[in-house]
2 protein chains.
Amino acid sequence: MEETKITARGRATRQRIIEATGEQILAAGIGGTTLDTVRAATLTSKSQLFHYFPGGKSELVREVATWEGQQLLAAQEPFIHDLSTWDSWIQWRAALVEYYLGLGRWACPIGSLATQAALTDPDLEAFFNASMATWRDTLAEGVTKMQAGGHIDRTADPQRIAVVILAAIQGGLVLSQPMRSAWPLEAALDSALEPLHQAAA
Amino acid sequence: MEETKITARGRATRQRIIEATGEQILAAGIGGTTLDTVRAATLTSKSQLFHYFPGGKSELVREVATWEGQQLLAAQEPFIHDLSTWDSWIQWRAALVEYYLGLGRWACPIGSLATQAALTDPDLEAFFNASMATWRDTLAEGVTKMQAGGHIDRTADPQRIAVVILAAIQGGLVLSQPMRSAWPLEAALDSALEPLHQAAA
DNA sequence: ATCGTAGTGGACCACAGGGTCCAGACTGTG
DNA sequence: CACAGTCTGGACCCTGTGGTCCACTACGAT
């Protein structure tokens with residue numbers, strides 16, 4: 001998509017639409033989010049929705065996904081690109097939980113979006129795969145640093161540990177959502193980080 | 001709901017509808033499952049759908065949820081009601097993975113259903129909460145047995161361990177789905193069971 | 001045999017919701 | 001100022017889909 005001319009005003013409107021849609025999806029799911037409710041929430045018109053997202057709802061959802069993905073990654077900075085010490089891991093964990101807390105809803109924007117639409121939208125599935133892969137690789141990188149620093153067992157597979165941590169996050173959120181409490185997420189996450197802690201201490 | 005008269009033939013049709021709907025939901029999500037596709041797959045008519053599920057689609061989905069819930073629990077028998085030895089845990093784990101494998105799709109019928117519809121259907125959310133609670137309690141019971149048998153640390157909180165295990169299952173499935181492989185699930189699950197193993201060995 | 005009830009078929013309805021169109025207002029650049 | 005292109009409003013269309021209705025059949029009981 002080579003960018004067609006877009007003014008500051010236009011960009012703001014577009015962004016407003018994306019964020020409002022993201023909130024609605026988080027609160028009511030993709031199915032519970034209609035173009036009409038988005039239109040109402042953003043004080044826009046149908047034509048604007050299609051002006052900025054010619055591909056319609058599916059394109060809008062994909063844009064929301066990339067936006068939320070950026071937010072999620074940004075929230076973990078700068079710690080996620082360090083992770084060379086146990087203390088850095090602690091800070092990363094705190095920042096992540098803080099991010100989810102700020103959403104006001106115990107759900108991963110990316111994860112829940114994926115489980116809802118990946119079945120029917122191949123593009124979205126690919127995006128989800130890519131997101132998870134880079135996230136996983138970044139964590140694995142941190143594990144490798146810990147190994148290099150001699151803090152933990154060097155024979156362990158960083159990729160595997162990273163996957164276990166991600167699974168703990170996603171699964172923890174699944175349980176936190178109905179319980180409306182952070183503790184399942186924190187318990188799962190801490191448990192997954194335990195091996196790193198044990199060895200580092 | 002006092003049961004109205006229902007013959008064997010009727011019960012069979014009803015069950016056929018439930019199972020077919022379950023498969024479609026697992027494959028295409030709730031949104032991707034319409035009454036028409038269910039009708040086609042089961043060779044029934046609209047009127048039958050509403051004859052057996054007067055509450056319409058939402059009632060049908062709830063019935064599917066309870067059915068899948070029963071299946072999920074049944075698949076873990078008899079091990080899940082033992083769990084007094086490490087060996088029993090091993091067998092339980094194998095049975096569970098086997099169950100998910102048999103679905104042909106790396107997703108938890110209960111979990112994915114919940115993340116899709118719990119937001120809009122309070123009844124379904126309550127059902128999901130109840131399912132998770134009993135599942136969790138049953139696992140916690142097993143942990144308690146391990147503690148009583150002196151296999152593991154008695155100061156650990158069984159409920160917490162149970163939640164961590166459930167989170168590993170749900171999260172592992174989230175990652176297994178796009179990767180189309182059992183290993184994320186198995187890695188997450190084994191990692192969560194590690195504490196039990198360590199002490200039991 | 002007949003009668004009542006469960007079971008079935010399929011036409012039909014209503015409406016939500018995604019998507020289209022066009023006219024008009026705003027904006028910034030020559 | 002003029003004009004080109006962006007931005008916006010809102011009426012409109014149309015398909016998909018949940019849900020209703022009614023007539024007809026199958027079948028068990030008395």
Side-chain angles (χ1 to χ4, degrees), chain A residues 1-21 24-25 27-65 116-117 119-121 123-124, chain B residues 1-22 24-25 27-65 113 116-117 119-121 123-124:
Chain A
M1 294 285 160
E2 62 299 337
E3 63 277 13
T4 61
K5 284 286 184 57
I6 187 171
T7 69
R9 177 150 152 260
R11 190 164 289 280
T13 302
R14 187 187 142 97
Q15 187 60 25
R16 189 156 40 98
I17 294 172
I18 290 179
E19 294 185 21
T21 307
Q24 289 194 15
I25 288 180
I30 292 180
T33 301
T34 75
L35 295 187
D36 265 347
T37 59
V38 170
R39 189 185 50 66
T42 55
L43 298 175
T44 54
S45 59
K46 272 281 188 65
S47 62
Q48 292 177 69
L49 263 42
F50 283 86
H51 177 66
Y52 294 110
F53 310 96
K57 186 176 185 180
S58 57
E59 180 179 345
L60 174 54
V61 169
R62 280 193 291 274
E63 291 299 314
V64 168
Q116 283 179 54
L119 293 168
T120 51
D121 188 333
D123 285 343
L124 203 64
Chain B
M1 299 274 166
E2 61 298 336
E3 63 278 14
T4 62
K5 284 285 184 59
I6 187 171
T7 69
R9 176 150 151 257
R11 189 165 289 281
T13 302
R14 187 187 142 96
Q15 186 59 25
R16 189 155 40 99
I17 294 172
I18 290 179
E19 294 185 19
T21 306
Q24 291 194 14
I25 288 180
I30 293 181
T33 301
T34 75
L35 295 188
D36 265 347
T37 59
V38 170
R39 190 186 49 66
T42 54
L43 299 175
T44 54
S45 60
K46 272 283 188 64
S47 62
Q48 290 178 70
L49 264 43
F50 284 86
H51 177 66
Y52 294 111
F53 310 96
K57 188 176 184 179
S58 57
E59 179 178 345
L60 174 55
V61 169
R62 279 193 292 273
E63 291 299 313
V64 168
L113 220 100
Q116 284 179 52
L119 293 169
T120 51
D121 187 334
D123 285 344
L124 203 65

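Naming: A, B, ... by sequence-line order, numbering from 1 per chain.
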Open item on the list: Reading DNA chain D from 5' onward, which residue's closest nucleotide shows up sooner: A/A8 or B/G31?
Closed with: A/A8
Open item on the list: Nearest to the side chain of B/Q48, heavy atoms from C-beta on, is which of C/dT8, C/dC21, D/dC7?
Closed with: C/dT8
Open item on the list: What's B/Y52 touching, base or sugar-phosphate or nothing? Going by heavy atoms closer than 4.0 Å.
Closed with: sugar-phosphate
- [ ] Would you mind reading off the distance between A/L60 atom CG and C/dG19 atom P, rounded to a whole angstrom?
- [x] 10 Å
Task: For atom CG of A/L49 and atom P of C/dG18, their distance in whole Å - done: 9 Å
- [ ] List the atom of B/A117, the atom of B/L124, and the distance in Å for their closest heavy-atom pair.
- [x] CB-CD2, 3.3 Å
- [ ] Quick one: pull up CG in B/L49 and NE2 in B/H51 and give me the separation to the nearest 0.5 Å.
- [x] 11.5 Å
Open item on the list: I'd like to know if A/T34 reaches the base of C/dG17 with its side chain such that a donor and an acceptor end up less than 3.5 angstrom apart.
Closed with: no
Open item on the list: In this structure, how many angstroms lie between the P atom of C/dT8 and the CZ atom of B/F53, rounded?
Closed with: 12 Å
Task: Interatomic distance where CG belongs to B/L43 and P belongs to C/dG10 [whole Å] - done: 11 Å
Task: Option among B/T44, B/L60, B/I6, B/I18 that satisfies the side chain to side chain contact (heavy atoms under 4.5 Å, CB included) test with B/Y52 - done: B/I6
- [ ] Check whether any side-chain N or O of B/K57 sits under 4.0 Å from OP1 or OP2 of D/dG18, and answer yes or no.
- [x] yes
Task: Heavy-atom check, side chain of B/E63 versus side chain of B/R14, under 4.5 Å - done: yes
Open item on the list: I'd like to check B/D121 versus B/V61 (side-chain heavy atoms, cut-off strictly below 4.5 Å). Are they in contact?
Closed with: no
Open item on the list: From the set D/dA26, C/dT20, D/dG19, return the single nucleotide nearest to any side-chain atom of A/F50.
Closed with: C/dT20
Task: Side-chain N,O (A/R9) to OP1/OP2 (D/dT8) below 4.0 Å - done: yes
TODO: Identify which nucleotide among D/dG19, C/dG18, D/dG10 has an atom closest to any side-chain atom of A/S47, counting heavy atoms from C-beta outward.
DONE: D/dG10
Task: DNA chain D: 5'-proximal contact among B/T33 and B/T7 (nearest heavy atom) - done: B/T33
Task: Length of the line joining B/H51:NE2 and D/dT25:C1', which is rounded to integer Å - done: 13 Å
- [ ] Output yes when at least one side-chain N/O atom of B/T13 is less than 4.0 Å from OP1 or OP2 of C/dT8, else no.
- [x] yes
Open item on the list: Measure CZ/B/R39 against P/C/dG9 and give the value in whole Å, please.
Closed with: 10 Å
TODO: Grab the NZ-P distance between B/K5 and C/dA6 for me, whole Å please.
DONE: 7 Å
- [ ] To the nearest Å, give me how far apart NZ (A/K46) and C1' (D/dC12) are.
- [x] 10 Å
